[in-house]
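Position 1 is the first residue of the sequence; numbering continues from there. All ligand and atom numbering here is 1-based and tracks the order in the structure.
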Amino acid sequence: MDWGLKNRLSRVIKPDGRTVMLAVDHGYFLGPTSGLEDAGKTIKPLLSHADALMPARGVLRTSVDASTETPIVLRVSGGNSILDEDLSDEGITVSMEDAIRLNVAAVALSIYVGSPNQKETLLNLARLVDEGQRYGIPVLAVTAVGKSMGRDARYLSLCCRIAAELGAHFVKTYYCEGFEKVVKTCPVPLVMAGGKKLPEAEALELTYNAIKRGAAGVDMGRNIFQAEAPVAMIQAVKAIVHEHATPRQALDLYNSLKAQTKGKKKPKIAGVTASKQELNRH
Ligand code: 5RP
């Protein structure tokens, strides 16, 4: 792997081999998703806690502070909308030249294995990887799941392996029963997709299970920014991903940080380092 590409990937996947990516790209086909109506306001307090931010180009330009040190994984596929019967009809929406101008650490594109546009989306991935190799930009393949498609280990292993074989440098996919098989048969780092909003305790359990079964981290959106206390939630997710916290410890941390933000309790500790102290007490 070329040095520049390795360097960019190491900004997203931290030295412990893990990452907590914050997905805020929903608007590219969903429009103003709940929690992202004013994307800038939502992103601002979360940005420094995320290991990487995944927006589409418009939100990046308009709603993310350009002085940020948080690496950007730019969504570069689209062309569909929630109004489409079949969401698989995606093309590449950002040139590599503009992605470089935006100083991104990586680019992300969805593939739709088993859909009517399977071939087009897989060739888009291959093309993007060629461009990425040329300029040293890593590519994240997102295994999008159409409404009628399954989410079992057999299907997701197929998608992840195809993405890796076509050259994706890392892959994003859903959690499923037998997730360890999906991880084992994918030769590049795999991050778990968050999916629809769950109660906080369940989202933390899901994160824990994915990490325990070999995921390199998460790329989570709604389960963070739609949480009752989003900043507390991202710190709780990080505690599992980077600090080996159990779901119980992470939930206690979430509740304690939430109480601080709501001003209900006297702050026990402040900031991210404090999260570690909190965890060590359990
Ligand atoms: C769909 C996507 C999203 O647009 C987004 O990143 C999903 O995030 P979440 O499901 O965690 O809200 O990648 O494939």
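Close approach of ligand 1 to Gly194 is summarised as follows: ligand atoms under 4.0 Å from at least one heavy atom of the residue are 11 (O). Ligand 1 places these atoms under 4.0 Å from at least one heavy atom of Met220: 11 (O). Listed by number with element, the atoms of ligand 1 under 4.0 Å from a non-hydrogen atom of Ala23 are 6 (O), 8 (O).
In this comparison of His26, Lys172, Met192, the heavy atom closest to atom 9 (P) of ligand 1 sits on His26. Of the candidates Lys196, Lys197, Arg75, Arg75 brings a heavy atom nearest to atom 2 (C) of ligand 1.
Residue Arg154 qualifies as open at atom CZ: its count of foreign heavy atoms under 6.0 Å is 12 or below.
Taking 4.0 Å as the cut-off between side-chain N and carboxylate O, Arg161 and Glu165 count as a salt-bridged pair.
Using modelled atom types and a 3.5 Å distance limit, the side chains of Arg8 and Ser10 yield no donor-acceptor pair.
Distance from atom 11 (O) of ligand 1 to its nearest protein heavy atom, with residue and atom name: Gly221 N, 2.8 Å. For atom 14 (O) of ligand 1, the closest non-hydrogen atom on the protein side is Val142 CG1, 3.6 Å.
Cation-pi geometry between Arg213 and Phe179 is not met at under 6.0 angstrom from the ring centre and within 45 degrees of the axis.
Taking the six-membered ring wherever Trp is involved, the centroid distance between the rings of Phe225 and His26 falls below 6.0 Å.
His169 contributes atom NE2, which lies 11.0 Å from atom CD1 of Ile13 (distance to the nearest 0.5 angstrom). Here the CG atom belonging to Leu36 is positioned 10.0 Å from the CZ atom belonging to Arg222, to the nearest 0.5 angstrom.
Considering backbone and side-chain N/O atoms, Arg222 comes within less than 3.5 Å of an N/O atom of ligand 1. Considering backbone and side-chain N/O of Met54, none are found under 3.5 Å from N/O of ligand 1. For a threshold of 3.5 Å applied to N or O pairs, the pair formed by Asp25 and ligand 1 contains at least one separation below that value.
Between the side chain of Asp51 and the backbone N or O of Val12 there is no donor-acceptor pair closer than 3.5 Å.
Note on ligand 1: Ala193 sits outside its first shell, no heavy atom being nearer than 4.0 Å.
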